[in-house]
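This chain uses plain numbering: 1 for the first residue, then up along the sequence.
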Amino acid sequence: MAMAAAATFCSIRHGYGVTKLNDYLLNSFRICIYSRYQSRAITHENVFRLDVRKLHSIKRRNLIPLKPRASRNEDQIEHENEVNNISKATLIWRAVKLPMYTVAFIPISVGSAAAYLQTGKYFAKRYFMLLISSVLVIAWLNLSNDVYDFDTGADKNKKESVVNLLGSRTGAHVIAWLLLGLGFTGLTLVSIEAKSIRSILLLACAVVCGYIYQCPPFRLSYMGLGEPLCFAAFGPLATTAFYLLQSGRSELPISGTIVSSSILVGLTTSLILLCSHFHQIEDDKAVGKISPLVRLGTEGGAKVVKVAVGLLYSLAFLLGLSQTLPFYSLVLCALTLPVGRLVSSFVEENHKDETKIFMAKYYCVRLHTVFGGALAAGMVAARMFARRQLPHTVLL
């Protein structure tokens, strides 16, 4: 009888916790509790005098086990409840990823500003045509990424996946490729107008980087090569191409200013992708996706983010001192340093919290936007306010 009662307390079917145990005692007539040192009987006469304080006292004397035998702790359960309670509107906002489209806006702005610094000319029609076309290409990138991650199971638990929201893998796939067709057509038309063969070749290479990043049979993102591809596509390839597309009658030379600017843009863009992996480590491991965060862990990833932010501002400082970048760009980029510190500190403090670290990529988007905007504004200011145009190193 006593052994059966003791076994009852270890049964998960009866729940766990002090409250459950107290309720059970109050509804029992006679319960015997055993331990290694002694046994004690609780009859109906003193059951009603047993309260939570006495139960904890009994626990300390090793009389009864009060710890739950559950397979998941309360933090995990709370996290799952938070995920399940996310509203449909929030999921749609996350699926649209509107802040992420700054990765189209910044390369075009920096490239156009570098061309304006060189020539003093700006083609607004080309700028907006490039912006619309680039947004369509980025939409293809996001949609097709959701489709192929759905195929591998990487987005199985990702409620904001477009495929999961639409309920149609085929529909999302068709829309994605239509967007790419429209976007690349627009880029091609601007390249024809600017008579720039090099620019369309550079943009084609950028799109190829996006394809081999996520699409079968390559899927290089599953080998941890997503960040280098992202750096090349949005940095040297796209930013330089947009610079060339702001040419006048003759195509601009590729200067040290545009090359250095494109490297800085590539760094901030890659940082966004890196920080988007923090909350997906377990899902990535389950499907064999070896992202940098799977290799490094969250603590190692936080250190990489800190180093990357430091490298970004160090490069900007050195390039400004060497006059490869205008002094105005150096000053304005320095003003964004608090945002860089915010990214580093946020990731360092929250890299273990799956709920909070989700916002890391949006902090990186903020850094990407303000830093890229400062870089472009500095080049425009240098052209507008400088008495004479400083010479630029011509590379190609």
Arg219 meets the salt bridge (charged side-chain N to carboxylate O under 4.0 Å, His left out) criterion, sequence neighbours left out, with none
The side-chain contact (heavy atoms from CB on, under 4.5 Å) partners of Leu274 (sequence neighbours excluded) come to Glu227, Leu271, Pro292, Leu293, Val304, Val305
Ring pair (Phe, Tyr, Trp, His ring centres under 6.0 Å) filter on Tyr148, not counting sequence neighbours, yields His173
The side-chain contact (heavy atoms from CB on, under 4.5 Å) partners of Ala360 (sequence neighbours excluded) come to Cys275, Phe346, Val347, Ile357
Residues at least two apart in sequence or cross-chain that pass ring pair (Phe, Tyr, Trp, His ring centres under 6.0 Å) with Phe105, listed by chain then number, are none
Sorted by chain and number, sequence neighbours left out, salt bridge (charged side-chain N to carboxylate O under 4.0 Å, His left out) with Glu349 holds for none
Show every donor-acceptor pair shorter than 3.5 Å between a side-chain atom in residues 200-210 and any protein atom, with sequence neighbours excluded, or say none if there are none.
none

Residues pairing under salt bridge (charged side-chain N to carboxylate O under 4.0 Å, His left out) where one sits in residues 168-178, two or more places apart or in two chains, turn out to be Asp151-Arg169
Going by chain and number, the hydrophobic cluster around Val307 (ILVMFWY, side chain to side chain under 4.5 Å) further includes none
Heavy-atom closest pair (Ser168 atom, Gly171 atom, distance to 0.1 Å) is OG-N, 3.0 Å
The side-chain contact (heavy atoms from CB on, under 4.5 Å) partners of Ser322 (sequence neighbours excluded) come to Thr324
What side-chain donor-acceptor pairs closer than 3.5 Å can you find for residues 178-192, not counting sequence neighbours?
from: Thr185; atom 1: OG1; to: Gly181; atom 2: O; distance (Å): 2.7
from: Thr188; atom 1: OG1; to: Phe184; atom 2: O; distance (Å): 2.8
from: Ser191; atom 1: OG; to: Leu187; atom 2: O; distance (Å): 2.9

Residue pairs meeting side chain to side chain donor-acceptor pair (under 3.5 Å), one or both in residues 291-318, sequence neighbours left out, come to Thr298-His351, Tyr313-Thr336
Between Thr369 and Ile106 the two heavy atoms that sit nearest each other are O-CD1, 3.6 Å
